[in-house]
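Fair warning: this is a prediction, and the values are worked out from it, not measured in the lab.
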Amino acid sequence: MIPAIGAGPRLTADAVGRARVAAAVDEALCSAGLKVTGHGADPGLRAAIREAARGFFRLPAPRTRGQRPA
């Protein structure tokens, strides 16, 4: 199961609330992965990022090995 973490407190809470979100993200990243919610990112942007990632992973393996984000 992929954890869902509400990011809203990271944007609006006090230091304790932000620390709780950071700890939840850390735990999720150390386990199976995560899904972040409540971040306010535009759905169109999220869709474009997913499509770009799919395009990358459709490339032949020799073209994708060793690639780093710009």
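Hydrophobic cluster membership for Leu45: Ile49 (Ile, Leu, Val, Met, Phe, Trp, Tyr linked by side-chain heavy atoms under 4.5 Å, directly or transitively).
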Just list the side-chain donor-acceptor pairs under 3.5 Å for residues 20-30, sequence neighbours left out, or say none.
none

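Residue pairs meeting the side chain to side chain donor-acceptor pair (under 3.5 Å) criterion with at least one member in residues 52-62, sequence neighbours excluded, are Glu51-Arg58.
Remark: Ala48 engages no residue in a side-chain contact (heavy atoms from CB on, under 4.5 Å) (not counting sequence neighbours).
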